[in-house]
Amino acid sequence: VRETSSATAAACVASVMAFVAAFSLGFGPLASTYAAEIMPLRLRAKGAGLGMAVNRLTCGAVSMSFISLAGWISMPGCFFLYAGVAATACVFVHVRLPETRGRSLEDMEALFAK
């Protein structure tokens with residue numbers, strides 16, 4: 001049985017906290033919230049459904065690859081990788097997706113037609 005050092009345990013806890021914080025600000029709520037805001041009314045249900053399907057498939061891929069990835073790059077490395085991906089996603093959302101506050105649904109089509 002391999003014992004885990006306190007430094008490794010602390011790194012795992014810190015990396016999990018960093019991942020949860022970055023995911024909560026980035027792609028976590030994005031599929032349901034942003035899809036409902038940007039889709040025209042006639043496509044809203046299909047767009048929200050597609051967004052949630054992609055979100056669930058991505059979550060499944062992360063869950064299924066976790067054990068193999070943790071064995072390959074270590075447990076803290078795995079969480080730091082996830083935290084880096086989530087932080088990158090957060091930057092992407094902030095930079096590439098336009099603000100929708102105060103815009104009507106009709107404005108969304110013109111906004112995304114650019």
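C59 contributes atom SG, which lies 11.0 Å from atom CE of M64 (distance to the nearest 0.5 angstrom). Taking CG of L43 as the start and CG of L50 as the end, the distance is 11.0 Å to the nearest 0.5 Å.
Here R96 pairs with nothing under the salt bridge (Lys or Arg N to Asp or Glu O under 4.0 Å) rule; sequence neighbours left out.
Listed here is the closest heavy atom pair of S65 and A61: OG-O, 2.8 Å.
A continuous path of Ile, Leu, Val, Met, Phe, Trp and Tyr side chains, each step under 4.5 Å between heavy atoms, connects F66 with V20, placing both in one hydrophobic cluster.
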With a cut-off of 3.5 Å and sequence neighbours excluded, list every side-chain donor-acceptor pair involving residues 67-84.
unit_1: S74; atom_1: OG; unit_2: G77; atom_2: N; d: 3.2

